[in-house]
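Reviewing the structure listed below.
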Amino acid sequence: MSQPTVQLAANFIRNIIDEDLASGKHQSVITRFPPEPNGYLHIGHAKSICLNFGLAAHYQGRCHLRFDDTNPVKEEQEYIDAIKTDVRWLGFDWGEHEYHASDYFETLYGYAEKLVEKGLAYVCDLSPEEMREYRGTLTEPGRDSPYRSRSREENLDLLRRMRAGEFADGSRVLRARIDMASANVNLRDPVLYRILRATHPRTGTAWCIYPMYDFAHGQSDSIERITHSLCTLEFQDHRPLYDWLCEALEIYHPRQIEFSRLNLTYTVMSKRRLLELVNEKHVSGWDDPRMPTLSGMRRRGFTASAIRTFCERIGIGKSDSVIDLSVLEDCVREDLDQTAPRAMGVLRPLKVTLTNYPEGQSEEFTAASHPKDPAMGTRAIPFSRDLYVDRDDFMDDPPSKFFRLGPGREVRLRYGYIIRCDEVIKDRASGEVIELRCSYDPETGGGALPEGRKKVKGIIHWVSAAHAVPVEVRLYDRLLRVADPSAEKGRDYREFLNDASLEVLSQALVEPSLVEAAPGAAFQFERLGYFCVDSKDSRPGRMVFNRSVTLRDTWAKMVGD
RNA sequence: AGGGGCGUCGCCAAGCGGUAAGGCACCGGAUUUUGAUUCCGGCAUUCCCAGGUUCGAUCCCUGGCGCCCCUGCCA
């Protein structure tokens with residue numbers, strides 16, 4: 001697999017790398033994408049993936065895929081597999097460089113003994129509650145643990161027995177001996193190892209002690225000779241510890257650089273919240289098309305290319321940001337406009353009978369699959385007396401600017417004839433419009449416009465009743481009703497879930513050329529939006545289409561959306 | 001006086017002492033058998049505020065103000 005070309009806009013991290021290369025500090029660039037396999041990847045991860053792999057590609061270095069698998073109680077093989085699938089789908093290749101922090105458990109343990117031998121770590125018997133007490137607060141210094149002054153010999157003995165499984169879970173920890181009075185809480189003798197009897201997806205029950213993030217991440221970076229270790233802003237306070245450990249251990253010292261994480265309007269991005277949405281059944285799963293997960297977006301019909309473009313456009317910085325969903329949607333439209341074949345589909349069918357078209361007769365029109373790309377070919381569209389158009393394209397009492405059907409109004413059927421609405425049939429009881437009786441102009445087939453005939457402004461899509469394929473269409477909308485739930489102080493994002501985020505249309509009809517469409521295939525339903533065949537629920541006899549994104553709609557905007 | 005960050009157009013974001021890139025959004029207009037696409041044009045005399053240094057400051061200094069993160073044996 002070749003790396004996709006990733007355009008990299010200027011950003012402060014590139015500036016740092018340029019300086020490091022110019023000064024000779026580094027000859028090449030090695031980055032890494034370090035997910036914890038405790039959930040599915042989301043678009044925020046895509047930002048990190050594109051950054052890390054993009055930088056590696058740009059500087060002709062390399063990027064490792066490394067699983068930060070140091071907490072077996074939360075991590076699962078299912079997530080490891082899904083993460084690899086998603087990174088590959090996004091278009092990146094880590095080659096031989098797949099690593100796991102668990103690959104380094106033995107080395108990491110050796111580092112722990114080294115720290116003990118240098119008098120820089122000790123085994124502490126404080127309970128979690130006691131430790132919290134001793135830690136102090138943000139404004140008050142902590143106090144030294146009574147176990148802080150154990151001898152090296154005793155610490156080494158205790159550490160070895162911790163590893164050997166002689167102590168109960170949670171009864172002791174290994175701590176770095178730094179400074180209980182530090183203004184940076186992370187430096188108040190942070191825990192390095194805890195006792196935890198859990199089956200690890202890769203190491204099974206080989207270990208009963210596991211290193212903490214702070215004692216695994218930087219060390220793994222060091223082992224892999226990562227030059228620039230990029231992470232999100234919340235780790236800034238950990239950098240002094242990252243640096244302290246590299247110095248104390250006297251090992252290769254990568255540079256940690258932090259950037260701001262991605263937030264998108266109308267959704268949530270943390271794995272914790274996404275897990276909640278899944279567990280509480282607000283969505284159908286991690287790959288629900290409303291989820292900001294990569295698997296959800298893929299199923300929604302967003303392309304890897306669009307997501308890469310998005311990650312390039314939003315840039316990299318250090319200020320808290322919330323990116324407008326429209327940026328992502330624009331990337332999706334930009335990509336799909338070029339690649340998606342056109343087709344016609346009617347979402348909410350309204351019957352149209354052409355009173356002057358012979359019963360039993362039919363004909364075919366040839367339609368281009370793409371208005372600008374002849375190479376995409378054409379398809380045949382059957383036409384007959386009985387048609388369906390979308391209910392949205394008819395108004396009983398339309399304003400003059402409404403260029404569609406209404407009593408006495410003329411409109412062109414896309415690729416077909418101009419028709420005029422002669423009669424509106426309503427249900428006697430409900431008053432609902434149930435049929436339009438129209439007449440067609442035989443001189444106007446396939447877009448023809450006879451001399452002297454005035455052009456009609458409106459063009460609408462349609463399907464032939466006898467030829468159309470009944471399908472299910474799922475319309476998706478924003479997950480939340482508010483743009484930025486974090487701005488709603490003291491309120492839970494679940495209060496803002498959008499009840500209308502999924503609308504299932506079971507009566508939809510599509511043109512017959514779509515029966516062959518494969519799962520995942522994307523189309524533009526003309527005048528409506530981009531749709532793809534659902535990769536999970538679509539069946540040959542009952543196809544399911546997901547709306548990826550609507551087309552821009554200036555009419556909807558005019559009438560006030 | 002707890003520590004660490006951030007503050008350039010509605011949302012992102014370049015900019016690194018020489019007189020405010022770009023994208024999205026928004027507003028016009030042209031083309032159009034998708035009210036789509038495409039195409040033209042508009043959109044920060046101003047960079048959180050106040051002082052200072054300088055011939056000149058968004059970029060340097062000082063002092064404010066606002067927002068975010070940190071007290072897991074999570075990552």
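Worth knowing before you read on, the calculation uses all heavy atoms, side chains too, and leaves out hydrogens, waters and symmetry mates. Because the structure is predicted, anything quoted here is derived from the model rather than measured. Chain naming here is simple, since letters A, B, ... match the order of the sequence lines and numbering starts at 1 in each.
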- Do A:Arg547 and A:Tyr530 meet the cation-pi criteria used here (NZ or CZ under 6.0 Å from the six-membered ring centre, within 45° of the axis)? no
- Query: Looking for any heavy atom pair under 4.0 Å, which part of the strands does A:Met344 touch: base, sugar-phosphate only, or nothing?
  - Reply: nothing
- Query: Any ion pair linking A:Glu511 and A:Arg379 (charged N to carboxylate O, less than 4.0 Å)?
  - Reply: yes
- Message: Is there a side-chain contact between A:Lys489 and the phosphate of B:C68, meaning an N or O under 4.0 Å from OP1 or OP2?
- Response: yes
- Neighbour count >12 (heavy atoms, 6.0 Å) for atom CZ, A:Arg420: no
- Query: Between A:Arg135 and B:C73, does any side-chain N or O lie under 4.0 Å from OP1 or OP2?
  - Reply: yes
- Tell me what A:Gly529 touches on the nucleic acid: a base, only sugar-phosphate, or nothing, going by heavy atoms under 4.0 Å. nothing
- Task: May I ask you to verify if any side-chain N or O of A:Arg194 is less than 4.0 angstrom from the OP1 or OP2 atom of B:A75?
- Result: yes
- Task: Carefully, step by step, assess A:Asp125 and A:Arg150 under the rule salt bridge (Lys or Arg N to Asp or Glu O under 4.0 Å).
- Result: CA-CA 11 Å; A:Asp125 304 358; A:Arg150 286 216 254 232; 2.4 Å; yes
- Query: Could A:Arg66 and A:Tyr99 be counted as a cation-pi pair, given that NZ or CZ must be under 6.0 Å from the ring centre and within 45° of the axis?
  - Reply: no
- Base, sugar-phosphate alone, or nothing: which one does A:Asp337 contact when heavy atoms must sit under 4.0 Å apart? sugar-phosphate
- Message: Mind checking if A:Arg404 touches a base, just sugar-phosphate, or nothing, with heavy atoms under 4.0 Å?
- Response: base
- Item | B:C26 OP1/OP2 closer than 4.0 Å to side-chain N/O of A:Lys557 | yes
- Query: Does A:Arg172 count as lying over the ring of A:Phe167, i.e. NZ or CZ under 6.0 Å from the six-ring centre, within 45 degrees of the axis?
  - Reply: yes
- Sugar-phosphate, base or nothing in reach of A:Ser127, heavy atoms under 4.0 Å: base
- Query: How is A:His217 classified with respect to the nucleic acid when contacts are heavy atoms under 4.0 Å: base, sugar-phosphate, or nothing?
  - Reply: nothing
Give each protein N/O atom lying under 3.5 Å from an N/O atom of nucleotides 14-16 of chain B, with the pair distance.
from, atom 1, to, atom 2, distance (Å)
B:A14, OP1, A:Ile316, O, 3.1
B:C16, N4, A:Asn15, ND2, 2.5

- Query: Quick one: does A:Thr309's side chain have a donor or acceptor within less than 3.5 Å of a partner on A:Cys331's backbone?
  - Reply: no
- Message: Taking any heavy-atom pair under 4.0 Å as a contact, classify A:Ile314: base, sugar-phosphate, or nothing.
- Response: sugar-phosphate
- Message: Counting only side-chain heavy atoms from C-beta out, which of B:G2, B:A75, B:U34 sits nearest to A:Arg342?
- Response: B:U34
- A:Gln524 near the nucleic acid: base, sugar-phosphate alone, or nothing, with a heavy-atom cut-off under 4.0 Å? base
- Task: Using a heavy-atom cut-off of under 4.0 Å over every strand shown, decide if A:Phe402 touches base, sugar-phosphate, or nothing.
- Result: base
